[in-house]
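For reference, the structure is listed below as structure tokens.
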Amino acid sequence: MLLDSESIAKKHLQFKEELLWQGVPVTSKTVKVLKPILHLLMIVSAAFTLFGLFVLVTEIIIPYQQQLLTESKFNQSLRTVLLNASGAIFFFAFYKLLPRNYYNETKTVYVITNQRALILGRTEKDPTKFEVKQQWGKGEFKSVQLKSNTGRDLMFVDDFLLADDEEGRKGRMVSSMGFEDVEDVKGAIEAFKKWKKPSDKLSLLENNGMGFFIKLPVDWTANSDLVNPKHRDNTLMALIAGEIGGDDGQLMREFKLGKNWNTLLLTKRDGTRGGGSPRHNYVYIMIESALRKEIPETEMTFGVKGIGNFWKALEKDGLFTDFFNNHMLIFEFDQPCVKDEKTEKMKLRRNAAAKKIDLKNGMESYEMLGDLKLQSQGFKLRQIYSYKVIPWDDENPLMCLHIRYTLLCQSSEKDKIFNKYKDQLSEIAATVNIPPTGITESEADAKAKSAPEKKD
């Protein structure tokens with residue numbers, strides 16, 4: 001093997017990511033021939049250099065110091081030195097030029113982890129280093145297919161390519177993507193199979209900063225982030241705006257996990273829309289959390305029932321922010337509690353459209369359903385909000401943990417897709433576990449290993 005693909009792959013692993021397989025494209029005949037030639041060129045270049053230095057020392061420098069060097073002997077020796085220097089430069093130049101093809105043939109490493117698939121390639125500035133050229137999380141995957149006559153192309157995702165139609169107009173077409181010309185096809189397929197086995201467990205993710213565990217489904221792409229506390233209630237609208245904009249880039253659809261986070265985005269692709277401008281249908285589950293010192297003693301409601309049509313609500317209310325807060329959010333992180341002027345008790349605010357549900361995890365929980373029509377595009381949402389007062393530390397004996405879950409579907413078949421995934425939102429919310437003494441990484445790993453296996 002021309003590359004140490006395992007060490008290269010391990011350098012790109014993230015938190016809680018395990019290497020399942022790494023490989024390279026099939027080594028071409030050109031590279032196989034070039035490798036010994038390159039070694040030979042270096043040996044020949046080194047030989048010319050060493051012989052030239054030997055002549056320079058023994059036939060020029062030493063005789064000159066001993067005053068034995070004649071003009072004819074100097075000229076003859078100098079010609080020998082220059083000839084060897086030219087030979088060394090000539091063969092070294094070939095050594096430097098030929099690797100251009102050599103590096104092109106050995107610039108790629110394929111990687112499969114327990115969370116994503118990557119294509120690593122050499123950087124432009126430093127060809128000895130590698131960077132991520134493409135990556136796909138588990139939520140992007142379809143079934144693995146072998147293509148091409150050689151049976152070495154593994155296709156497992158669909159992407160869009162710009163292409164000309166019959167009339168010469170630019171458009172997008174769906175194209176299969178994956179690993180091309182894989183050397184170890186069998187090993188790659190076995191690694192992909194590990195993702196789909198019934199024994200795969202839900203991944204247990206700890207949130208050290210807020211003191212809880214949550215289990216994530218194995219076939220979604222997970223991306224955690226620390227969103228600025230001043231902009232907590234803008235994240236959902238930013239996601240909707242990205243969908244309206246039609247950006248088929250990966251945006252937040254890349255795998256990324258950290259120990260401390262307040263926002264977690266799960267994504268999964270469900271089908272592809274055709275037509276003149278094809279797009280993938282994505283389903284989003286957003287999990288947002290916050291710790292507050294304010295301890296709610298009673299509850300109050302805000303907003304009105306139903307999300308409805310954005311433009312009509314905007315005309316009626318006059319303010320986008322009012323519509324967004326009152327119609328779309330089951331709970332506002334920016335203003336979770338208000339103090340009652342008469343009783344001076346802290347009242348927790350929640351949307352009037354929310355209905356109480358029991359997740360059987362010891363948290364007070366509510367859900368809200370809604371439809372949103374925005375710029376002729378329809379969205380369907382389900383939100384769950386949970387909160388619980390928990391013991392914390394000496395400085396703050398009690399804190400209130402707030403968690404908001406949002407399922408977002410946007411497609412021509414949004415009702416069908418929504419019904420397919422709506423129960424998964426409550427299943428994820430029900431897995432939240434709040435240990436009484438905080439979280440350690442070893443404890444999280446132990447809990448993950450003892451988690452019950454999925455059954456068919």
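- Ring centroid separation for the pair Phe255 and Trp220 does not come in under the 6.0 Å cut-off.
- Between Leu359 and Ala429, the closest heavy-atom pair is CD1-CB, 3.7 Å.
- Salt-bridge annotation for Arg116 and Glu17: present, with a side-chain N of the basic residue lying under 4.0 Å from a carboxylate O of the acidic one.
- Checking Ser176 against Lys147 by side-chain atom types alone, a donor-acceptor pair falls below 3.5 Å.
- Ring pair Phe179/Tyr110 is parallel by interplanar angle, where below 30° counts as parallel and above 60° as perpendicular.
- No donor-acceptor contact under 3.5 angstrom links the side chains of Ser426 and Asp423, judged on distance only.
- Remark: Lys138 is positioned above the aromatic ring of Trp195, its terminal NZ or CZ atom under 6.0 angstrom from the ring centre and at most 45 degrees off the axis.
- Side-chain contact check for Thr108 versus Lys133: every heavy-atom pair is 4.5 Å or farther apart.
- The line from CG of Asn207 to CZ of Phe212 is 4.5 Å long, rounded to the nearest 0.5 Å.
- Between the Gln383 side chain and the Ile330 main chain, a donor and an acceptor come within less than 3.5 Å of each other.
- Using a 4.0 Å cut-off between a side-chain N of Lys or Arg and a carboxylate O of Asp or Glu, Asp415 and Lys422 do not qualify as a salt bridge.
- The existence of a salt bridge linking Lys194 and Glu190 is excluded, since no basic side-chain nitrogen approaches an acidic carboxylate oxygen closer than 4.0 Å.
- Between Asp334 and Arg232 there is no salt bridge, since none of the side-chain N atoms of the basic residue sits less than 4.0 Å from a carboxylate O of the acidic one.
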Counting only pairs under 3.5 Å, give me each side-chain donor-acceptor contact of residues 77-84, with atom names and distances, residues two or more places apart or in other chains.
from	atom 1	to	atom 2	distance (Å)
Ser77	OG	Glu59	OE1	2.9
Ser77	OG	Lys73	O	3.0
Thr80	OG1	Gln76	O	3.1
Asn84	ND2	Thr80	O	2.7

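- Closest heavy-atom contact between Val185 and Val182: CG2-O, 3.3 Å.
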